Amino acid sequence: MKLVLSRKRDTGKGSNFLPPVELFEQIMLPHLDSAYNLARWITRSDQDAQDVVQEAFLRAFRFFDSFRGGDGKAWLLEIVRNTSHTWLRRQSRTAGMEPFDEAAHSGASHGASPEQVAAGREELQLLRGCIEALPVEFREVLIMRELEEMSYRDIGEATGLAPGTVMSRLARARKRLEECAGKRVLEAVR
Amino acid sequence: MNCLPDLPGAYLDDELDVAQRVAFERHMGECATCADAYASLGNKRTR
């Protein structure tokens, strides 16, 4: 996705210096895909995710002077998460999901038979549906852990949750995912 | 015996400290439900 950062000086009180753009880009841009991924799973919409990421990066840029070092991923994803939740509240919609962009998200399947590809696609579709059906508080920790491979500590940092809460929320998310997948498989074979 | 449903995943994620790991391993030796949950989660990861 294309990102547009304003280089205009913020003249607001207490923030009248320009954060170094190059430093910001160097630290935050490597996490652009992670930011999009998290926003996509929270908003369940490609277009919304792009808008959220755009807004989140602008916020991150504006408040970059409060960044205290590290790899920046947890810090940035905390902003993406907050922006996504604000976005969801603003949109006030929980239904009306857009169809997932299969072409953009499916991996290559070299060497697999058409049957294997079809079965893999079905399984992926089933899991995707179950993840999207999870309540957002479970969905976000699951995505941070399973797709973004973040540590519990970083997830706690990004979500404001205590490590023990991250642990139990993840366990419950996985259990719900398993139950959902089992149920849908049964429905499919009936 | 009380089950520890949050721990199999955290154990597999390598997110437990040494004391927690040892305690959970001991617990799995005595709790078939948690041992099964751990095995089931581990199997799914290797797929």
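None of these values were measured; they are calculated from a predicted model.
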- Find out if a path of hydrophobic residues (ILVMFWY) with successive side-chain heavy-atom gaps under 4.5 Å connects A/L142 to B/L12. yes

- Message: Is there a continuous path of hydrophobic side-chain contacts, each under 4.5 Å between heavy atoms, that joins A/V80 to A/F63?
- Response: no

- Query: So which pairs with a foot in residues 161-178 of chain A pass side chain to side chain donor-acceptor pair (under 3.5 Å), sequence neighbours left out?
  - Reply: A/E146-A/R174, A/R174-B/D13, A/K175-A/E179, A/E178-B/K44

- Note on the structure: So, the part of B/L16 with a heavy atom under 4.5 Å from chain A: the answer is side chain

- Compare every heavy atom of A/A171 with every heavy atom of B/P5, then report the nearest pair and how far apart it is. O-CB, 3.7 Å

- Considering non-hydrogen atoms only, spot the tightest contact between B/A10 and A/M167 and give its length. CB-CG, 3.7 Å

- Separation of A/L170 CG from B/E15 CD (nearest 0.5 Å): 9.0 Å

- Item | B/D17 CG: over 12 foreign heavy atoms closer than 6.0 Å | yes

